[in-house]
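Reckoned from all heavy atoms, side chains included, excluding hydrogens, waters and symmetry mates.
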Amino acid sequence: MRLIPFIKTHKRILFCAVLATLLIAFVLLSCFVVLEPPEYLDIHISEEIQETQTRNLNILMIWISGLGRTPISMVMVGLSSFFFLMLRLKKEALLVLSTLLSGVLGLGLKILINRPRPPKDLVVLLEETKYQSFPSGHVLFYTVFFGTLILIILYFQKMKSPIKIVLTSICLLMIFLGAVSRVYLGAHWFTDVLGGFILGIFYVLITGYFYIKNERIFLKI
């Protein structure tokens with residue numbers, strides 16, 4: 001019973017602790033993928049996911065993964081931001097638009113860490129890829145974009161709870177399927193996907209903090 005009062009009293013410290021934990025986890029994971037070749041975990045997970053490949057599943061995974069391509073993701077962000085703007089939700093429109101910055105962050109880290117893509121002698125390659133492998137840019141975008149939508153949905157007081165549950169579930173499903181699709185298509189290792197997810201959560205927590213606590217950053221309605 002004392003847990004909730006404790007969280008409310010120390011929420012700033014707990015928030016900083018979560019951010020620090022995510023940052024440390026990402027740095028350690030980055031060091032691991034730089035210093036070590038793909039180990040049993042990466043290869044085993046890729047084999048397990050790819051052993052169920054079928055024609056229909058290939059089409060589904062290619063379609064899901066395609067939503068994370070730069071031109072399509074920019075359209076998704078633009079349309080979503082425009083939708084909120086039409087509803088006179090300026091903060092939300094700007095918050096969604098800010099998710100595009102995650103692509104710049106991801107590309108910079110890819111170049112810095114410089115991890116090669118999974119080779120065709122270890123995985124089945126169903127998609128042509130470019131740039132480096134870590135962290136997964138697709139998973140980073142999916143986590144940031146759909147995570148931001150979840151934040152807006154949960155924070156939006158005029159929306160009924162059942163609708164919130166349905167929309168949140170859809171967003172979570174898209175994050176999960178987006179991550180699975182990258183390994184399924186042979187475009188990434190599991191640790192690439194994990195890195196993108198950790199970095200995406202870190203990004204959403206920071207932007208979400210300013211969205212909820214400091215509205216001046218995002219324009220007042």
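Here Y155 and Y211 bring their ring centres to under 6.0 angstrom of each other. Here F26 and F134 bring their ring centres to under 6.0 angstrom of each other.
Checked by atom type, the side-chain pair R115/S30 shows no donor-acceptor distance below 3.5 Å.
By the neighbour-count criterion of 12 heavy atoms within 6.0 Å, atom CZ of F32 is densely surrounded, having more than that number from other residues, nucleotides or ligands. Around the CZ atom of F145, the shell of radius 6.0 Å holds more than 12 heavy atoms that belong to other residues, nucleotides or ligands.
The two residues M76 and F146 make their nearest non-hydrogen contact at CE-CZ, 4.1 Å. Considering all non-hydrogen atoms of both residues, S169 and I165 come closest at OG-O, 2.7 Å. The nearest pair of heavy atoms linking G106 to L140 is CA-CD2, 3.6 Å. Between S133 and P116, the shortest heavy-atom contact is CB-O, 3.3 Å. Closest non-hydrogen pair, G68 versus F141, comes out as CA-CD2, 4.3 Å. Nearest heavy atoms, A25 versus I198: CB-CD1, 4.3 Å.
At least one side-chain heavy atom of F84 sits less than 4.5 Å from a side-chain heavy atom of L149. For the pair E47 and Q50, the minimum side-chain heavy-atom distance is 4.5 Å or more. Taking 4.5 Å as the limit, some side-chain heavy atom of S98 sits within range of a side-chain heavy atom of L95. Side-chain contact between Y209 and L205 is absent, with no heavy-atom pair separated by less than 4.5 Å. Side-chain contact between L89 and L85 is absent, with no heavy-atom pair separated by less than 4.5 Å. Side chains of V96 and I152 form a contact here, defined as non-hydrogen atoms less than 4.5 Å apart. Contact of the V204 side chain with the I201 side chain is not registered, since no non-hydrogen atoms from C-beta on lie closer than 4.5 Å. In this structure the side chain of L199 never reaches within 4.5 angstrom of the side chain of Y203, judged on heavy atoms.
Between I206 atom CD1 and L22 atom CG the span is 9.5 Å, to the nearest 0.5 Å. Residue L29 holds its CG atom at 5.5 Å from CG of L194, rounded to the nearest 0.5 Å. Distance check: I153 CD1 to T148 OG1 gives 10.5 Å after rounding to the nearest 0.5 Å. Atom-to-atom distance recorded for T191:OG1 and L41:CG is 7.5 Å, nearest 0.5 angstrom. To the nearest 0.5 angstrom, I212 atom CD1 is 9.0 Å from K91 atom NZ. Atoms CG and CH2, from D42 and W189 in turn, are 6.0 Å apart once rounded to the nearest 0.5 Å.
Under a hydrophobic clustering in which Ile, Leu, Val, Met, Phe, Trp and Tyr are joined whenever their side-chain heavy atoms come within less than 4.5 Å, directly or via other members, F82 and L94 fall into different clusters. The cluster map of Ile, Leu, Val, Met, Phe, Trp and Tyr, joined by side-chain heavy atoms under 4.5 Å apart, puts V180 and I175 in the same cluster. Hydrophobic clustering (side-chain heavy atoms under 4.5 Å, transitive across Ile, Leu, Val, Met, Phe, Trp, Tyr) groups M174 together with I163. Residues V75 and L97 do not share a hydrophobic cluster, clusters being chains of Ile/Leu/Val/Met/Phe/Trp/Tyr side chains in contact below 4.5 Å. Cluster membership for V144 and Y142, using ILVMFWY side-chain heavy atoms within less than 4.5 angstrom, is shared.
For the pair E127 (side chain) and L185 (backbone), a donor-acceptor distance under 3.5 Å is absent. Side chain of S102 to backbone of T99: a donor-acceptor contact under 3.5 angstrom is found. S46 places no side-chain N or O within 3.5 Å of a backbone atom of I43 that could act as its donor or acceptor partner. At least one donor-acceptor pair closer than 3.5 Å links the side chain of S73 to the backbone N or O of T70. With hydrogens and angles ignored, the 3.5 Å screen pairs no side-chain donor or acceptor of N114 with any backbone N or O of Q132. No side-chain donor-acceptor contact under 3.5 Å links S81 to the backbone of V77. Remark: side-chain polar atoms of D192 are not paired, donor with acceptor, to backbone N or O of P135 under 3.5 angstrom. Listed for the H138 side chain is a donor-acceptor partner under 3.5 Å among the backbone atoms of S65. K120 places no side-chain N or O within 3.5 Å of a backbone atom of L125 that could act as its donor or acceptor partner.
Shown here are the salt bridge (charged side-chain N to carboxylate O under 4.0 Å, His left out) partners of R117, two or more places apart in sequence or in another chain: there are none.
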Please lay out, stage by stage, how F202 and L19 fare under the test side-chain contact (heavy atoms from CB on, under 4.5 Å). CA-CA 6 Å; F202 181 84; L19 288 180; 3.8 Å; yes
Taking it one step at a time, do L60 and N56 satisfy side-chain contact (heavy atoms from CB on, under 4.5 Å)? CA-CA 6 Å; L60 175 62; N56 291 334; over 6 Å; no
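Each of I49, V139, I64 was scored for a side-chain contact (heavy atoms from CB on, under 4.5 Å) with R182, with one residue passing: V139.
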